Amino acid sequence: MSSPTTTRPASDAARVAEAARAVLDAHDPRSVPREELFGALYDAGLAWVHHPEGLGGLGLSRGLQAVVDQLVTDAGGPRMFAVNPIGYGMGAPTVVEYGADREQVAAWLRPMVTGEEIWCQLFSEPGAGSDVAGLATSAVRDGDEWVVNGQKVWTTLAHVARWGMLVARTDPERPKHRGLTYFVIDMDQPGVDVRPLRQMTGQAEFNEVHLHDARVLDAHRLGEVGAGWKVAITTLMNERTAIGGVTGRRGSGVIGEALGLWAAHPDRHTPVLRDRLAALWTRAETHRLTLARARRTASAGQPGPEGSVSKLVGAELNQDVYEFCMELLGPDALLYDDWTMDRSRVHTDPNSTVQQRFLRSRANTIEGGTSEVMRNILGERVLGLPGEPRSDSDRPWKEVPRG
C-alpha cells in the first residue's frame, strides 16, 4: 500500500512569477496597449505585491515586486514606475496606508498604475524648500470641504497631473510639524493654476502651482487633521526609496550608457579615462547589488530612513557618470539639438541625448531631498548622532520669523 503524497506549496516567489507569466501570456507587451497590460497586472495583484488583495497586491513581501518588474521588462514592457513615477512610487503607498475609504483608494490606484491619471506632489514652497514643515499654504474648513490658498514650487508633472498630494497648514497656532494636514486635491478644478518652470535642458517638467480658493473634499483627506507631517513622512520615505531604488541587470542603467559611449569612441581612450570608468563601474555595481539585496529582504512595511542611502548614492553616482561621459565626448559634448521649451517629455524619456541627461543630472542631488538633507537623516535617524539645534520646534508656526 503506497503512502499518500503531500504537495509542498509553491514559494511566494514562484507564485508571483507564475501569475506574472500568465498575465504576460494573455497581454503581450509588444502588441497590447500599456493601459491594458498594467490594468491586468493590477487586477492580478501584481502592481504592488505588498499591497492588500483587491488594492493591486497579494499581501506578500515588498521585495517580490522585483520578480514582476523583471519579467515585464524582459517581455518588452515598460517599468510601471516610469509611467507614473510620483503616483506609483509615492502616492500609492500613502493612500493605501492612510485612505479611510477603501473604495476611494481602489478608484485612485487602478488608473494610477495604468498611467491614465498622473499624480504630482505639492510639498515644496518658495519659502519652504528643504524645510517642508515650514510651509505656508493654508487650508480652511468649510463644511465638508477645505478651501486652499497658497503657492507650491518644483512640482514635477503638475501640468499633466489629475491628482496632487497636498500638504497644507490647517492650524497656524500649533508648532510647524503639528499644524499640517494631508489631502488629495483635484488638479483640474478652478483655482489651480499651473505655470511651467523652464530648465536648462529646455524641458519644463517642473512647475509652480498657485492655489486660489481651490477646494478639496474632506473625504479626500489622508490621516487625521493636524497629522499631515506623519503622512508626509510616509510619502517622503517612499520617494527616496523610489528615486534611488531602481535596480537592473549588471552593467545596465547609467553605467551602461558610459560603457556604450566608451565602446563607440576607441580613439578617445586614455589610461586616465579607463581608470575612471573602472572606478565608476565598481561604484555602480556595488550600488546595484546593495539595492538588489535590500529589495529581496524588504518586508511588507513602509520604507525607513535607510532609503536615503540609495537616493544619496544614486544621485551622486549619476552626476559623476555623466561628467565622465562629457569628458569622453570632448568637443562633441558641446552639441545640443534643441533648446525650445518642451513640456511633452519628462526626465525619464529614454530617447534623450547624453548631453541632455548630463544637464538633467544636476537636479539629482536636489530633488526628493538634497544630499545635505539625506546626510542629516542618515546621521540622526540611522546612526543616532545628535541632531542639529532647532529653535522653532515648539513655537507656534505663526510666531516663527519667515523670509
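For this chain, numbers begin at 1 and follow the sequence in order. Note that the structure is predicted; figures quoted are calculated from it, not measured. Hydrogens, waters and symmetry mates are skipped; everything else that's a heavy atom, side chains included, is used.
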Between [X] and [Y], what is the shortest heavy-atom contact and its length?
| X | Y | result |
| --- | --- | --- |
| R62 | V49 | O-CG2, 4.4 Å |
| G150 | T137 | CA-OG1, 3.6 Å |
| G76 | P29 | C-CB, 4.0 Å |
| E173 | P396 | O-CB, 3.2 Å |
| V231 | L222 | CG2-O, 3.5 Å |
| R34 | P78 | CG-CG, 4.2 Å |

Which distance, rounded to the nearest 0.5 Å, do you find between the [atom1] of [X] and the [atom2] of [Y]?
| X | Y | atom1 | atom2 | answer |
| --- | --- | --- | --- | --- |
| E323 | R362 | CD | CZ | 5.0 Å |
| W146 | I185 | CH2 | CD1 | 13.0 Å |
| T353 | Y336 | OG1 | OH | 5.5 Å |
| T282 | L277 | OG1 | CG | 9.0 Å |
| Y42 | M80 | OH | CE | 12.5 Å |
| F206 | C120 | CZ | SG | 13.0 Å |

Under the side-chain hydrogen bond (donor to acceptor under 3.5 Å, both in side chains) criterion, do N376 and E380 qualify, and how do the steps go? CA-CA 6 Å; N376 275 357; E380 296 177 18; 4.8 Å; no
Report, as yes or no, whether the 6.0 Å neighbourhood of atom [atom1] on [X] holds more than 12 heavy atoms from other residues, nucleotides or ligands.
| X | atom1 | result |
| --- | --- | --- |
| E103 | CD | no |
| E36 | CD | yes |
| W397 | CH2 | yes |
| H269 | NE2 | yes |
| D144 | CG | no |

If you define the side chain from C-beta out and look only at heavy atoms, does anything of [X] sit under 4.5 Å from [Y]?
| X | Y | answer |
| --- | --- | --- |
| L122 | F183 | no |
| L157 | P85 | yes |
| L135 | K152 | yes |
| M326 | V354 | yes |
| Q151 | E125 | no |
| W262 | L328 | yes |
| L217 | D186 | no |
| L37 | D28 | no |

The single option from D213, V216, T170 passing side chain to side chain contact (heavy atoms under 4.5 Å, CB included) against V148: V216
L60: which of E53, R15, Q65 passes side chain to side chain contact (heavy atoms under 4.5 Å, CB included):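 Among E53, R15, Q65, the one that satisfies the side chain to side chain contact (heavy atoms under 4.5 Å, CB included) with L60 is R15.
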Name the orientation class of the two ring planes belonging to H177 and W229 (parallel below 30°, tilted from 30 to 60°, perpendicular beyond 60°). perpendicular
Return the orientation label for the W119 and W163 ring planes: parallel under 30°, perpendicular over 60°, tilted otherwise.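 W119 vs W163 ring planes: tilted.
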Determine yes or no for a side-chain-to-main-chain donor-acceptor pair under 3.5 angstrom, with [X] supplying the side chain and [Y] the backbone.
| X | Y | result |
| --- | --- | --- |
| K311 | N364 | yes |
| R21 | V23 | no |
| R174 | K176 | no |
| N84 | T114 | no |
| T155 | E208 | no |
| E205 | P196 | no |

Would you please name every residue forming a side-chain contact (heavy atoms from CB on, under 4.5 Å) with P175, sequence neighbours left out?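 Only R178 meet the side-chain contact (heavy atoms from CB on, under 4.5 Å) criterion with P175.
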W154 ring center within less than 6.0 Å of F123 ring center: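 Ring centres of W154 and F123 not closer than 6.0 Å.
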Start with the C-alpha gap between R162 and I118, add the side-chain angles, then the distance that decides, and say whether side chain to side chain contact (heavy atoms under 4.5 Å, CB included) holds. CA-CA 6 Å; R162 175 68 175 83; I118 302 299; 5.9 Å; no
Residue pair Y88, R79: steps toward the side chain to side chain contact (heavy atoms under 4.5 Å, CB included) verdict: CA-CA 10 Å; Y88 182 86; R79 291 187 300 113; over 6 Å; no
Step by step, would you call Y182 with T94 a side chain to side chain contact (heavy atoms under 4.5 Å, CB included)? CA-CA 10 Å; Y182 196 116; T94 307; 3.8 Å; yes
Salt-bridge test for R360 and E367: reply yes if a basic N is under 4.0 Å from a carboxylate O, no otherwise. yes
Salt bridge flag under 4.0 Å for residues D320 and R276: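 No, no charged N to carboxylate O under 4.0 Å.
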Identify which one of E327, Q355, Q356, E257 satisfies the side-chain hydrogen bond (donor to acceptor under 3.5 Å, both in side chains) criterion when paired with Y322. E257
Do T365 and Q319 pass the side-chain hydrogen bond (donor to acceptor under 3.5 Å, both in side chains) test, and can you show the C-alpha distance, the side-chain angles, and the key distance before you say yes or no? CA-CA 9 Å; T365 49; Q319 292 181 348; 2.9 Å; yes
Could you walk me through whether F38 and E116 pass side chain to side chain contact (heavy atoms under 4.5 Å, CB included), step by step? CA-CA 10 Å; F38 286 175; E116 294 169 275; over 6 Å; no
